[in-house]
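Here's the structure, in structure tokens; my notes come after.
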Amino acid sequence: MTRGPAIPAGLLDRAVRRAADRCARPGHLAFTARQLYYETDRTLFPLHRGPHRLRYTTRPLLSAERFAAALARQPRLPVLPDPVAPRPHRPGPEGDLYDYAFPRLLVCQDPAIAAMLLANRLHLEGGCPVLTPDRLPLDARLVAALERAGDAVVHVLHDASPAGLELFARVREHAGPRLRVRTMGLLPRHAAALHLAAPAGRPGCDAEDLPAELPAAEREWLARGRVAELAAIRPARLLRTVLRTVRGGGFAPPARPAAPTRARDTGFLTWPTP
């Protein structure tokens, strides 16, 4: 097991509290334990502070086990609980909502991040229902509500990982030809622009199996088992970028290209640099 640098317990506890304050800014934002982990890692090891003109990712240096122990010592921190295992979806009171028209929908790969977005009222501020992959394939009534809106968009928010790219492809398949589907990323280029911590050592894949829209360097990055998680983005930046996008700003060109091998037609969102 790989261990991070030795950090005195008192210093680590102070770093966790400081990171929690940063995660909550501005306005007492809700945040997940994984988001707090990455912010604590940045607090202790500010490798992300390199020049903006440089594009690079870092490695998280804080041991996940040490962080978990420190978090357990501070039960009063306002960390969102981990989502429970998804239950089979049954139509309920939300069924009436399908009578309306939805101009946009967000599918979020990480259930914890989806819960964080909901806790911070993104679905109300952006007028955008938030779903997780366990709700695929999309309910036919929801697809009909999107189609009634005219020019509706299904957004996909995912990690920079092969699994995230596969989710985007699944959503496009389930949405069918009548709905536009756009990916917000993450992609390796976004992780590099934001200087995110990207753990290594995940099972690799064949670069040739990854989307041809990605530059060769990004396919190689993913093939080596590198992953940048949505949780590595500060909560305020994540909320701001997602909200701006679902409201209609920050779009790249159309997301259902006729020639999918052309990188300029992928629909990938360009995340703001720090």
Side-chain angles (χ1 to χ4, degrees), residues 1-49 58-87 89 106 108-125 130-135 157-159 161 163-164 186 191 194-202 227-243 274:
M1 178 183 299
T2 301
R3 298 184 181 276
I7 305 169
L11 175 60
L12 178 55
D13 289 351
R14 288 193 296 274
V16 171
R17 291 192 295 270
R18 189 177 303 117
D21 288 340
R22 291 174 176 171
C23 282
R25 297 175 191 166
H28 305 288
L29 296 178
F31 55 89
T32 71
R34 192 66 174 167
Q35 288 176 309
L36 180 58
Y37 163 75
Y38 280 110
E39 188 60 41
T40 304
D41 185 74
R42 281 190 290 266
T43 300
L44 290 167
F45 312 104
L47 303 178
H48 63 291
R49 292 182 179 172
T58 66
R59 305 286 181 95
L61 298 178
L62 175 61
S63 161
E65 293 78 12
R66 290 292 310 280
F67 170 76
L71 187 59
R73 292 193 293 269
Q74 304 179 69
R76 296 178 64 86
L77 288 179
V79 179
L80 289 172
D82 290 333
V84 298
R87 299 177 180 178
H89 177 63
L106 176 65
C108 182
Q109 179 186 5
D110 185 343
I113 294 296
M116 173 262 184
L117 296 175
L118 291 169
N120 288 297
R121 302 169 66 85
L122 178 130
H123 57 304
L124 300 178
E125 294 288 335
V130 179
L131 303 183
T132 49
D134 62 283
R135 297 288 295 273
L157 182 63
H158 57 79
D159 296 339
S161 68
L186 290 173
L194 295 172
H195 299 173
L196 297 183
R202 307 288 181 91
V227 170
E229 301 178 32
L230 291 168
I233 304 171
R234 282 180 171 157
R237 181 183 295 277
L238 179 64
L239 281 165
R240 184 170 61 248
T241 302
V242 174
L243 183 59

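Keep in mind that this is a model prediction, so the values were computed, not measured. Side chains are part of it too, since the values below use all heavy atoms of this structure and drop only hydrogens, waters and symmetry mates.
- A heavy-atom distance below 4.5 Å is found between the side chains of V79 and F31.
- Other residues, nucleotides and ligands contribute over 12 non-hydrogen atoms within 6.0 Å of the CZ atom of R73.
- To the nearest 0.5 Å, atoms CZ (R42) and CG (L62) are separated by 12.0 Å.
- Between L230 and L186 there is a side-chain heavy-atom pair separated by less than 4.5 Å.
- Distance check: L80 CG to M116 CE gives 8.0 Å after rounding to the nearest 0.5 Å.
- Note: L117 CG to C108 SG = 5.5 Å, rounded to the nearest 0.5 Å.
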task: Please test V130 against L122 for side chain to side chain contact (heavy atoms under 4.5 Å, CB included), starting from the C-alpha separation and ending with a verdict.
output: CA-CA 9 Å; V130 179; L122 178 130; 4.1 Å; yes
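- In summary, of the residues considered (D159, I113, L196), a side-chain contact (heavy atoms from CB on, under 4.5 Å) with E229 occurs for D159 alone.
- Atom CZ of residue F67 and atom CZ of residue R34 lie 9.0 Å apart, to the nearest 0.5 angstrom.
- Scanning all heavy atoms of the two residues, the minimum distance from L36 to A20 falls at CD1-N, 3.4 Å.
- No side-chain donor-acceptor contact under 3.5 Å links R22 to the backbone of T40.
- Looking only at distances, no side-chain donor or acceptor of N120 sits under 3.5 Å from a matching main-chain atom of L29.
- Contact annotation: the side chain of L11 approaches that of L44 to within less than 4.5 Å [non-hydrogen atoms, C-beta and beyond].
- Under the 4.5 Å side-chain criterion, counting only non-hydrogen atoms from C-beta, P199 is not in contact with R59.
- In this structure the side chain of L157 never reaches within 4.5 angstrom of the side chain of Q109, judged on heavy atoms.
- D13 and Q74 get closest at one heavy-atom pair: O-NE2, 3.4 Å.
- Here the CD atom belonging to E39 is positioned 10.5 Å from the CG atom belonging to D21, to the nearest 0.5 angstrom.
- Within the 4.5 Å cutoff, the side chain of D41 has no heavy atoms near those of the L47 side chain.
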message: Working note: T241 + R237, criterion side chain to side chain contact (heavy atoms under 4.5 Å, CB included); need CA distance, chi angles, decisive distance, verdict.
response: CA-CA 6 Å; T241 302; R237 181 183 295 277; 4.1 Å; yes
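- Here the side chain of Q35 pairs a donor or acceptor atom with the backbone of T32 at under 3.5 angstrom.
- Contact check for H48 versus T58: no side-chain heavy atoms found under the 4.5 Å cut-off.
- Under the 3.5 Å distance criterion, the side-chain polar atoms of Y38 are left unmatched by any main-chain donor or acceptor of P60.
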message: As a quick check of understanding, evaluate side chain to side chain contact (heavy atoms under 4.5 Å, CB included) for L12 and R66, giving each step before the final call.
response: CA-CA 8 Å; L12 178 55; R66 290 292 310 280; 3.7 Å; yes
